[in-house]
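Scroll down for the structure; my scribbles are underneath it.
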Amino acid sequence: MKKNAILFSLLCLIGTSTALAQSVVCKTPNTVCDTTIVRHWRGSEYIVYTAHSSGTRTVAYHNHATGNIISAPVPSYVTINDFRIANDSVFAGGSVNTGIKRGLLACFAINDLLAGNFYYHSLVWYPDSTHIVLGITQIEDVTRLALYRYGAGTRIAYIAYNTTNPIDPAAPYPYRVGFGDAAFVNGTSWDICHYHLNKDGIEEYTDICATENKIVIAARTNDSNRVKFQVFKKVRDYTNLSPIIYSNRYGCYDHQTLGKVMVAPLAGNLVSLAYHYYDTISKGLAIKTIDVSGSTPVIVASIKSPETATNTWHMNDMRYDSYTDHLLILNYIDDPFMAAQSYVFQIGAPATLVGPYSVRHCPYPKVLHALDNCTPMGFIASGTDANPNLNVWKGVPNQPGNCEIEQAVGFSNTTPTLDTKLKRHHCTYPPGFYYYYTPETATPKATYIICQ
């Protein structure tokens, strides 16, 4: 009875899910971890980052067709929060903590890892006296990345936490969230651009993506828990705006948000925002698809589905599968009494959402941390079992079988009004408060297993 009382309304069939076969492509009993990130590279090959609270960290190449794993250690003082793959290279963001926590960007060529020579190039932020006077003391943690091409190179658009220098030296340093871009150029140095600081500390940026021509950053407000987002041209130094003290922000006031607001690019310059909402009569899952191609964004579709659960839901990753035209959302429910804690929701045709809507979800009796496309094979997700050891799962949108369940759920159309006149005080800091490490090396060890 307790389990039934706390279920999300989308998951009324979860009672049958634990008896279904799980689509596990790889189990690694020797990799004990409590954090995992998986990103698809090509074919049946992908890269996985794992970390354990003991300090053990690894980055590994997996091939679930051959069972080959090549892994390399990551220093215990390095934490990775997100990474993406482009042009056969990994681009990562996180932090370095050697007594003082500092923001980190890093990159390495996958072929170096395969050859047994794990060279990575890293950038760590250090403030200089100029920036301390201006008000910023430290970029502490890069939390989310998006990659985009500009010219002949790959640029990293990132979100980061930072501290600000208070007027009262004895006061605690308040946290802020900002964003910027950087690139590792010519294999020798970092090109780092302006950092855009949320000076008022109201918007908390939670996700970032790049469309055909734009960079879109999603956020929730700390004062009113509303959905907000910003749109920039996809260029080098995209935060370097004209010298104005207010920047454009867009948002909706139809309901409030619970936790992260995630954003994923669709075709062209369409994006979908997804988040858990609450209002005066209900709470649930909301999705908005927005056209950001013009000078002013336009909402083209919006739906929501109420839930009955009293538990806290978290969004960890969201991707758009162009092969099947499905939006994939990885959710985790914070509930110690449920065997199945993680779900991949599969929302078809996100550019033309119409309720009532048929949604397929894939419940897992394990904890999933990250998800990525592996088109045309579907998606892959990484997490841990009860031991906890690394497991990687796969699924195919809109294809019944394995652990997936299809059901009609109560999504209804909504008609929110987009606020296009919202302004917010901001600060943009010039580049220069950083240095980059000499590339570090590690020798990877190859382990062969039979993937299931």
Side-chain angles (χ1 to χ4, degrees), residues 81-82 93 95 101 103 134-146 157-168 171-180 195-209 215-232 239 241 245-263 271 273-280 282-288 290 297 304 310-318 331-332 334 416-429:
N81 297 318
D82 191 17
S95 63
K101 192 175 183 181
L134 287 174
I136 189 168
T137 58
Q138 183 62 58
I139 293 179
E140 289 196 346
D141 204 11
V142 176
T143 59
R144 201 71 173 167
L145 303 178
Y158 64 88
I159 298 172
Y161 280 101
N162 64 270
T163 56
T164 57
N165 191 21
I167 297 177
D168 179 7
Y173 288 176
Y175 279 90
R176 297 291 184 265
V177 186
F179 47 84
Y195 181 71
H196 187 101
L197 172 65
N198 173 17
K199 183 175 182 180
D200 294 332
I202 295 177
E203 275 88 18
E204 181 169 351
Y205 310 115
T206 55
D207 203 10
I208 185 170
C209 77
I215 294 170
V216 182
I217 303 174
R220 60 180 292 273
T221 60
N222 292 324
D223 58 344
S224 59
N225 293 326
R226 303 294 183 178
V227 174
K228 296 290 185 292
F229 66 95
Q230 297 192 63
V231 181
F232 299 89
T239 68
L241 307 174
I245 62 171
Y246 295 93
S247 64
N248 289 328
R249 284 157 167 81
Y250 309 100
C252 299
Y253 295 90
D254 48 336
H255 43 227
Q256 295 174 296
T257 65
L258 292 164
K260 297 177 182 178
V261 181
M262 306 296 288
V263 61
V271 298
L273 300 175
Y275 54 94
H276 295 286
Y277 76 89
Y278 68 98
D279 54 30
T280 57
S282 68
K283 62 179 181 177
L285 177 65
I287 301 169
K288 291 177 171 62
I290 301 170
K304 70 176 183 178
T310 59
N311 306 82
T312 301
W313 284 79
H314 309 276
M315 288 190 179
N316 290 349
D317 261 329
M318 182 167 73
N331 286 264
Y332 168 74
D334 190 9
T417 299
L418 188 65
D419 185 345
T420 60
K421 299 180 181 179
L422 181 66
K423 303 286 185 179
R424 186 76 75 199
H425 189 197
H426 74 100
C427 293
T428 302
Y429 290 92

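Position 1 is the first residue of the sequence; numbering continues from there.
- Atom CD1 of Ile208 and atom CE of Met262 lie 12.0 Å apart (nearest 0.5 Å).
- Between the OG atom in Ser95 and the CG atom in Asn81 there is a gap of 6.0 Å [rounded to 0.5 Å].
- Of all non-hydrogen atoms in Thr221 and Arg226, the two that sit nearest each other are OG1-N, 2.8 Å.
- Remark: Tyr161 pairs with Glu204 by the side-chain hydrogen bond (donor to acceptor under 3.5 Å, both in side chains) rule, at least two apart or across chains.
- Taking Lys101 as the reference, Asp141 meet the salt bridge (charged side-chain N to carboxylate O under 4.0 Å, His left out) condition, with sequence neighbours excluded.
- For the atom pair CG of Asn316 and CG of Asn331, the computed distance is 8.0 Å after rounding to the nearest 0.5 Å.
- Classification of the Tyr277-His255 ring pair by plane angle, with boundaries at 30° and 60°, yields parallel.
- Ala146 approaches Cys209 most closely through the heavy-atom pair CB-CA, 3.7 Å.
- Every residue two or more places apart in sequence or in another chain that forms a ring pair (Phe, Tyr, Trp, His ring centres under 6.0 Å) with Phe232 is listed here: Phe179, Tyr238.
- Of all heavy-atom pairs between Leu418 and Pro297, the closest is CD2-O, 3.4 Å.
- Contact annotation: the side chain of Ile217 never approaches that of His196 to less than 4.5 Å [non-hydrogen atoms, C-beta and beyond].
- With sequence neighbours excluded, the residues forming a salt bridge (charged side-chain N to carboxylate O under 4.0 Å, His left out) with Asp317 are Arg39, Arg144, Arg319, listed by chain and number.
- With hydrogens and angles disregarded, no donor-acceptor distance shorter than 3.5 Å links the side chain of Thr239 to the backbone of Gly180.
- Considering only residues two or more places apart in sequence or on other chains, Asp419 meets the side-chain contact (heavy atoms from CB on, under 4.5 Å) condition with Tyr253, Lys421, Leu422.
- Every residue meeting the salt bridge (charged side-chain N to carboxylate O under 4.0 Å, His left out) condition with Lys304, not counting sequence neighbours, appears here in chain and number order: Asp279.
- When the side-chain contact (heavy atoms from CB on, under 4.5 Å) test is applied to Asn225, the partners found at least two apart in sequence or on another chain are Arg220, Gln256, Thr257, Tyr278.
- Of all non-hydrogen atoms in Leu145 and Gly93, the two that sit nearest each other are CD1-N, 3.5 Å.
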- Message: side chain to side chain contact (heavy atoms under 4.5 Å, CB included) for Val271 and Phe229? Distances and angles first, verdict last.
- Response: CA-CA 11 Å; Val271 298; Phe229 66 95; over 6 Å; no
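- Between Lys228 and Gly251, the closest heavy-atom pair is CD-CA, 3.8 Å.
- One distance of note links CG of Asp82 with CD1 of Ile159; it measures 9.0 Å at 0.5 Å rounding.
- To the nearest 0.5 Å, atom OG1 of residue Thr206 and atom OH of residue Tyr275 are 12.0 Å apart.
- Note that the CG atom of Asn162 and the CD atom of Gln138 stand 9.0 Å from one another [nearest 0.5 Å].
- With sequence neighbours excluded, the residues satisfying side-chain hydrogen bond (donor to acceptor under 3.5 Å, both in side chains) with Tyr205 are Gln230, Arg249.
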- Test side chain to side chain contact (heavy atoms under 4.5 Å, CB included) applied to His314 and Lys260, step by step: CA-CA 7 Å; His314 309 276; Lys260 297 177 182 178; over 6 Å; no
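- When all heavy atoms of Ala274 and Met315 are compared, the pair lying nearest together is O-SD, 3.5 Å.
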